[in-house]
Amino acid sequence: MLQRSGKRAQSLLVPMRQSSILDHFSLTNRGKRSKTEAEPVLPISEPEVSHYPVEDTQEDRICDLQAESDSYLVDWSQEPDTLLDWEKKLNRLLKKHFGYPFLKKFQKEALEAWLNHQDCLVLAATGSGKSICFQIPALLTGKVVVVISPLISLMHDQCLKLAKHGVSACFLGSGQPDSSVEKKAMGGAYSIIYVCPETVLRLIQPLQKLAETRGIALFAIDEVHCVSKWGHDFRPDYRRLSILRENFSSSTLKFLRFDVPLMALTATATVQVREDILKSLCMSKETKIILTSFFRPNLRFSVKHSKTTSPSSYRKDFSDLIDMYAGNRRSGNKKQTIISHKLDSVLHCSTDNSVREADRKSPDDVEESDDSDSDRDDIDSEEEWLPTSSAGRTMSVEYLENEVDVFQSVDDWDVACGEFCGQLLSEDRDVDGSLEEIDVLDKAEERLKSCGETLEQGPTIVYVPTRKETLSVSKFLCQSGVKAAAYNASLPKSHLRTVHKDFHDNNVEVVVATIAFGMGIDKSNVRRIIHYGWPQSLEAYYQEAGRAGRDGKLADCILFANLTRIPSLLPNRRSEEQTNQAYRMLSDCFRYGMNTTNCRAQKLVEYFGETFDHKKCFMCDVCVKGPPNMQNLKEEANILMQVIAAHHQYLLEGLYDDFTYGDVKQRFREKPSLRLFVSKVREQSMKFAATDMLWWRGLTRILEAKGYLKEGDNRNHVQIKFPEPTKLGLEFLSRNDQIFNVCPEADMLLSMAKPKSYSSFSEWGRGWADPAIRRERLKRRRHFVDESRGSRPRKGRKRKSRKHNSDTRTVRGRLTAKLSVKK
Ligand SMILES: Nc1ncnc2c1ncn2[C@@H]1O[C@H](COP(=O)(O)OP(=O)(O)OP(=O)(O)O)[C@@H](O)[C@H]1O
Ligand SMILES: [Mg+2]
């Protein structure tokens with residue numbers, strides 16, 4: 001093996017050698033293939049007949065396969081004209097194997113890059129057909145394509161598909177039940193080898209041998225966003241894939257005339273992630289970046305509020321789903337019983353008794369218990385889920401599918417930004433904004449605008465954050481007569497395979513899964529993707545939502561999330577910087593949910609750095625409902641800003657008022673949180689004494705978006721936590737405008753629709769045991785009561801409370817009336 005950095009650094013400086021298409025197909029220095037060179041074959045030959053998995057273990061069979069593969073070779077040298085119309089030939093091959101009439105523009109561009117021995121980064125929407133880009137080179141050349149993929153389910157899925165198309169393929173790794181497959185693969189028995197990064201790192205030497213014998217046409221790194229620590233699904237082993245460039249370059253393997261090209265593909269990479277990919281994989285400076293629109297015009301996005309925690313929420317939220325699937329067969333549900341049995345056996349694998357208890361209850365037995373009120377004022381909740389360690393666990397293929405146990409190494413943490421992105425991206429963008437593609441989008445838009453397409457029947461995937469919920473939700477659906485199945489990485493492999501197959505064969509209507517059933521699942525008629533609980537990032541959300549509507553027909557992507565709670569990170573092992581990044585991504589996702597004014601599709605594609613050319617999607621919940629009426633919140637914004645500004649002014653000048661802050665001033669000085677400021681607002685103005693924290697939280701976000709407030713902490717939070725005024729904010733305060741018109745966000749609307757007043761009594765118990773706090777509270781309370789009673793004589797405690805409550809009720813009534821949405 002090579003010493004990595006020095007050699008690579010050198011090769012980055014030397015421009016990549018350019019070549020003709022002929023070079024790509026010639027079998028340089030590979031004596032075993034001289035037969036092919038000597039005897040040109042027809043441009044397109046009979047289809048390959050080997051199937052996945054290849055049953056025959058004989059060496060002869062391997063040779064046969066090679067010969068069969070050779071028959072695919074297009075002998076460009078014999079027909080110079082074919083160099084010009086290679087696309088035609090390619091289309092014939094495409095039609096023959098895959099049944100598609102022609103390549104899409106971006107697929108063609110990717111293949112052109114490969115033909116030029118260029119590295120290539122393909123950024124194209126989910127379901128756009130990225131796989132073809134790396135499958136075709138194997139068919140064209142007869143060499144092997146090695147595909148690095150993060151999930152067993154994805155590899156399995158793709159191998160099955162290729163087998164149907166008559167292309168020999170296999171996957172390697174611990175998920176491969178047949179131990180002989182690896183040896184056969186290294187002997188050149190398969191045209192396409194799917195492999196997880198961990199395994200490819202182990203197989204470098206056999207692969208070098210394979211490059212010399214059958215030849216390696218390409219290394220494809222699918223779902224390449226996994227390379228980046230800035231992405232949503234960082235896999236440390238992906239980062240080590242730079243080893244491919246080092247070990248498969250022409251300077252290392254003397255029999256190669258050109259470096260084996262790298263093709264990296266993903267549907268969800270922000271600009272920052274793209275830069276990181278180029279750098280981390282040591283991709284060439286001439287890397288072709290192919291960027292297509294991320295917009296999926298047939299996906300209908302919406303966000304709904306739900307607690308998502310109990311069977312009572314399930315019953316409410318899945319009622320439409322249950323009606324649709326189970327409505328017609330309420331009388332006899334044989335099949336559902338079978339699936340329930342399957343699930344029961346799976347449940348025995350679970351060690352969580354509480355889940356079993358909850359699951360045993362019939363959905364109808366469970367009382368509705370809406371405790372959403374108790375969720376209010378829960379601004380500190382993100383701290384409760386600080387990452388927990390899973391140290392000591394080594395990365396294995398099982399973990400690759402494990403949504404919470406992924407061991408995140410931080411070996412090579414401080415990677416600088418790549419230098420390729422900006423210019424190249426914008427150049428390519430112009431090229432990619434082809435008439436052809438814009439046409440497709442415009443047509444879709446027209447169609448949706450004019451006829452209001454209806455949703456067809458079809459399968460559903462429900463994504464839940466935890467494994468526990470895959471079991472409880474699927475159990476609930478089964479009991480309600482839906483053919484549902486759970487899917488998570490901890491379930492037995494045989495079960496996962498069955499679910500996978502049943503889903504593809506339309507025997508299962510709903511799969512309730514964690515992210516393990518995510519990337520690359522390519523079933524054309526999925527009509528609904530339901531996210532039941534906050535996703536961890538918009539990248540993950542869009543990736544999973546992208547499983548819907550791959551046939552181009554209308555599909556629903558519904559996010560059920562508790563809009564009254566700040567979402568928390570799932571436990572994982574992260575460095576401080578990774579935690580910060582994870583919070584930033586979660587925060588973007590939270591803001592997507594809270595958005596009430598912008599088209600959801602627009603928000604999503606703009607998140608990936610794309611300019612949204614269409615005014616709106618015309619069908620997401622925001623486009624359909626329209627934004628809520630604007631409200632003049634000048635008074636509310638003013639008082640909150642004043643309290644925050646005053647605090648920071650005092651802090652700067654050291655002017656704390658002992659009466660106001662009392663003994664707890666030190667604590668306030670350290671952490672002036674939003675909660676503190678809101679309680680100050682409540683104290684200072686009777687009008688706001690009973691207002692809900694949820695509402696103020698929304699206003700704080702609006703003020704932050706306007707640039708009036710910023711986070712005072714050095715860390716990222718899902719929602720601004722320690723607000724500080726900006727210069728712009730202080731200017732806002734000094735202006736005498738009477739109007740501050742804004743659209744309330746989702747949590748503000750909820751707070752107004754279901755008013756839940758704050759009462760100081762709810763906090764009364766907190767800190768009561770501390771004599772200093774108790775003294776301070778009593779002092780403040782006496783002061784407040786005396787003021788509100790005026791000169792009247794002091795009566796019993798009961799009477800005082802009533803007086804206080806009636807006051808607050810009046811204030812609350814007034815405020816609620818003011819804030820209520822005009823219908
Ligand atoms: N040239 C083409 N013409 C028509 N359909 C195509 C073409 N190429 C691919 N497809 C279709 O696109 C579907 C999705 O392909 P593929 O799984 O490669 O998508 P993808 O871009 O990899 O998506 P994801 O990002 O979700 O992995 C395939 O099932 C196939 O039917
Ligand atoms: Mg794919």
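What you see below is based on every heavy atom in this structure, not just the backbone, and it leaves out hydrogens, waters and symmetry mates. Atoms within each ligand, like the ligands themselves, are counted from 1 in listed order.
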List the steps and the verdict of side chain to side chain donor-acceptor pair (under 3.5 Å) for Glu286 and Ser284.
CA-CA 5 Å; Glu286 283 77 31; Ser284 145; 3.1 Å; yes
Check this for me - ligand 1, Arg547, N or O atoms closer than 3.5 angstrom, yes or no?
yes
Verify whether one side chain among His531 and Glu544 offers a donor that lies under 3.5 Å from an acceptor in the other.
yes
Decide whether an N or O pair under 3.5 Å exists between Gln543 and ligand 1.
no
Work out which heavy atom in Tyr238 is nearest to a heavy atom in Leu281; give both atom names and the distance.
O-CD2, 3.9 Å
Any N/O pair Thr126/ligand 1 closer than 3.5 Å
no
Compare Tyr542, Phe134, Tyr100 and give the one whose heavy atom is closest to atom 4 (C) of ligand 1.
Tyr100
Which ligand 1 atoms does Ser131 reach within 4.0 Å, using its non-hydrogen atoms?
16 (P), 17 (O), 18 (O), 22 (O)
Is ligand 1 under 4.0 Å from a heavy atom in the side chain of Ala124, in the backbone, in both, or in neither?
neither
Parallel, tilted or perpendicular: which fits the ring planes of His614 and Phe295, with parallel below 30° and perpendicular above 60°?
tilted
Ligand 1 atoms nearer than 4.0 angstrom to some heavy atom of Ala125 are 21 (O)
Is it true that Lys523 and Asn506 share a donor-acceptor pair across their side chains at a distance under 3.5 Å?
yes
Side chain to side chain contact (heavy atoms under 4.5 Å, CB included) evaluation trace for Glu539 with Phe608:
CA-CA 8 Å; Glu539 285 100 322; Phe608 293 106; 3.6 Å; yes
Where on Ala267 is there a heavy atom closer than 4.0 Å to ligand 1, on the side chain, on the backbone, on both, or on neither?
side chain
Among Lys108, Arg550, Gln107, the residue with a heavy atom nearest to atom 24 (P) of ligand 1 is Arg550
Between Arg550 and Asp522, is the closest basic N to carboxylate O distance under 4.0 Å?
yes
Honestly, for Phe102 the part within reach of ligand 1 (heavy atoms, under 4.0 Å) is backbone
When you measure from the heavy atoms of Ser128 to every atom of ligand 1, does any distance fall below 4.0 Å?
yes
Does the side chain of Gln158 come within less than 4.5 Å of Ser149's, by heavy atoms?
no
Is there a polar contact, in the sense of an N or O pair closer than 3.5 Å, between Gln158 and ligand 1?
no
Quick one: does Phe517's side chain get under 4.5 Å of Leu151's, heavy atoms only?
no
Return yes when Glu223 approaches ligand 1 closer than 4.0 angstrom through a heavy atom, no otherwise.
yes
Among Gly127, Gly99, Pro101, the residue with a heavy atom nearest to atom 12 (O) of ligand 1 is Gly127
